[in-house]
Trainee: 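I have a structure here, written as structure tokens, and I will follow up with some questions on it.
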Amino acid sequence: MSRVYIFDTTLRDGEQSPGCSMTMPEKLKMAEVLVALGVDILEAGFPIASEGDYEAVDAISRQFPWVQVAALARACTLDVERAAKALTKAKRPRIHIFIATSDIHLKHKLRKSRQQVLDDAVAAVSLARNYTDDIEFSAEDATRTDPDYLEQVSQAVVEAGARTVNLPDTVGFSVPDEYGELIGRMVKVLGDRAIVSVHCHDDLGLAVANSLAAMRAGARQIECTINGIGERAGNAALEEVVVAMKTRPDRLPFETNIHLDKLFGASQTLTQFISFGPQPNKAIVGENAFAHEAGIHQDGYLKNPATYEIISPASVGVPAGRLVLGKHSGRHALKDRAEHLGYRLSKQELDVVYERFTMLADNKKGVRNDEISLLIEEVIGVSAQAAITK
Ligand code: KIV
Ligand code: ZN
């Protein structure tokens, strides 16, 4: 199995997106959770962007000296020096330099020629080498860049001392086979002189698929965030990437250092700190990710969870598989839930409770445990005979 490095950017790309800003104590707590989760590189901020980002990089570097901490910088002296200063206390500092390489960014945003951008990239990497030998270079908007020029820039920054070359799908424009081809080409060109990294945005809902296609093509670092937060539609979701690798080693023979059983906890901690949680049907960490409502599904699941579950909830830290009882649920699931709630029902009692349950469920999105208890107690009364634990 090949080792793939997980570069977490929850505290940089994630934190800079709407509704996701965090206070310093929250950033420190989140960093602690990410370290315990086992991320390899923790991008702690963009020091030139704000005092808060500078302080976060500095504080995280002090608190977690054994961790590889990254700080973002544009390809210019001011940014590189600010990033280097924020990382002074880091034992394993990484300066992450970026500049856009696509013609559309060069023409409308940077107003620079290809040669100027190439020179800026090389100059920034050379400057950063005075502070650390762990330099990552990102060619922003790589997927809309002329591949020949991208190759030229990648070669030049590696010559100047970059050890990681990141080729972001900044605007989430690429599709898996195309991205895989681009990554494969750059892996071939750079050989073992640099690690090729990927950083995918989810504008077309393809961030995870693109990242995995890139791994198959030879990339060995994935940039991602908890719950997939990040600019616009977000970044590749860390939990989805690592669980896909774990679940499909036949197709994705890669290893990471992530402790899968801490994924749900990490997602919950982040949700506490920002203004939104993952959508209910979000893979791995969403509220319904392990919920089964349809009667046929519930029946199969109760007989053997593997009929409808490809991942065990416990393996990713989800407390227990939950059956949502609703209008599609069958008697079997209701009986099971009743027992879970402490009621042993006779066949006749179950029939009556089930009839009333379906009437209630018809008018609701889902029936809660306390409503089920109430219904049972109305039908059978709370008798010592009916209740086994109450
Ligand atoms: O999306 C992007 O291109 C970025 C770079 C700064 C890596 O976030
Ligand atoms: Zn990004």
Side-chain angles (χ1 to χ4, degrees), residues 5-18 20-21 39-50 53 56-57 68-76 78-80 82-83 86 94-106 108-110 117 120-121 124-125 128 134-145 149-150 153-154 157 162-174 179 182-183 186 194-208 210-211 214 219 221-238 241:
Y5 297 100
I6 298 294
F7 176 112
D8 180 274
T9 185
T10 305
L11 292 173
R12 199 280 296 167
D13 211 319
E15 208 265 346
Q16 81 188 37
S17 63
C20 295
S21 59
V39 305
D40 296 292
I41 302 113
L42 199 164
E43 187 163 53
F46 186 8
I48 197 82
S50 71
D53 269 42
V57 173
Q68 221 168 330
V69 178
L72 188 67
R74 287 169 299 184
C76 62
L78 212 62
D79 281 38
V80 170
R82 188 84 176 139
R94 171 175 293 194
I95 299 181
H96 177 190
I97 295 165
F98 76 100
I99 190 165
T101 49
S102 64
D103 286 338
I104 186 168
H105 278 240
L106 264 59
H108 299 285
K109 186 181 82 173
L110 299 177
V117 164
D120 287 355
V125 171
D134 186 357
I135 313 291
E136 171 170 337
F137 174 79
S138 283
E140 192 190 11
D141 206 16
T143 52
R144 293 191 300 169
T145 299
Y149 177 58
L150 190 63
V153 173
S154 301
V157 293
R163 279 217 232 135
T164 303
V165 174
N166 184 38
L167 303 170
D169 187 22
T170 303
V171 290
F173 175 73
S174 206
Y179 196 48
L182 177 74
I183 296 299
M186 298 304 159
I195 287 183
V196 172
S197 165
V198 293
H199 174 115
C200 297
H201 280 270
D202 209 29
D203 301 66
L204 295 176
L206 293 171
V208 170
N210 284 338
S211 303
Q221 174 177 287
I222 299 197
E223 304 198 354
C224 45
T225 60
I226 300 293
N227 292 352
I229 64 168
E231 282 287 353
R232 306 179 310 280
N235 286 71
L238 183 154
V241 165

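Both counts, for ligands and for their atoms, begin at 1 and track the order of listing. Side chains are part of it too, since the values below use all heavy atoms of this structure and drop only hydrogens, waters and symmetry mates.
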Trainee: Using 4.0 Å as the upper bound for N to carboxylate O, is an ion pair formed by Lys109 and Glu140?
Mentor: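 Salt bridge flag = yes for Lys109 with Glu140.
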Trainee: Need one value: angle at the Zn ion (ligand 2), His201 atom NE2 versus Asp13 atom OD2, rounded to 10 degrees.
Mentor: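 So the angle at the metal works out to 100°.
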Trainee: For atom 4 (C) of ligand 1, grab the closest protein heavy atom and report residue, atom and distance to one decimal in Å.
Mentor: His199 NE2, 3.4 Å
Trainee: So which atom in Phe7 and which in His96 form the shortest heavy-atom distance, rounded to 0.1 Å?
Mentor: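 The pair with the smallest heavy-atom distance is CZ-ND1, 3.9 Å.
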Trainee: How does His201 reach ligand 1, if at all, at less than 4.0 Å between non-hydrogen atoms: by side chain, backbone, both, or neither?
Mentor: side chain
Trainee: For Thr145 and Thr101, test the side chains for any donor-to-acceptor distance below 3.5 angstrom and give the result as yes or no.
Mentor: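 Yes - a donor-acceptor pair under 3.5 Å links their side chains.
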Trainee: What about Asp13: any of its N or O atoms under 3.5 Å from an N or O on ligand 1?
Mentor: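 Yes, there is a polar N/O contact under 3.5 Å.
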Trainee: Can you name the nearest heavy-atom pair linking Ala83 to Pro47, along with the distance?
Mentor: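 Nearest heavy atoms, Ala83 then Pro47: CA-CG, 3.8 Å.
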Trainee: What are the atoms of ligand 1, with element, lying closer than 4.0 Å to any heavy atom of Pro168?
Mentor: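 Result: 3 (O).
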Trainee: When you measure from atom 3 (O) of ligand 1 to every protein heavy atom, which one gives the shortest distance, and what is it?
Mentor: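 Scanning the protein heavy atoms, the shortest distance from atom 3 (O) of ligand 1 goes to Thr170 OG1, 2.7 Å.
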Trainee: Grab the two heavy atoms, one from Thr170 and one from Arg232, that are nearest each other, plus how far apart they are.
Mentor: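 Smallest heavy-atom distance, with atoms named: O-NH2, 2.7 Å.
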Trainee: May I ask you to check whether over 12 heavy atoms, not counting those of Phe173, lie within 6.0 Å of atom CZ?
Mentor: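 12 or below, so no.
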Trainee: I need the atoms of ligand 1 closer than 4.0 Å to a non-hydrogen atom of Glu140, numbered in the order shown.
Mentor: 3 (O)
Trainee: Looking only at protein heavy atoms, which one is nearest to atom 7 (C) of ligand 1, and what is the separation?
Mentor: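 Looking at atom 7 (C) of ligand 1, the protein heavy atom closest to it is Ser138 OG, 3.7 Å.
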Trainee: Side chain, backbone, both or neither: which applies to Arg12 and ligand 1 if a contact is any heavy-atom pair less than 4.0 Å apart?
Mentor: side chain
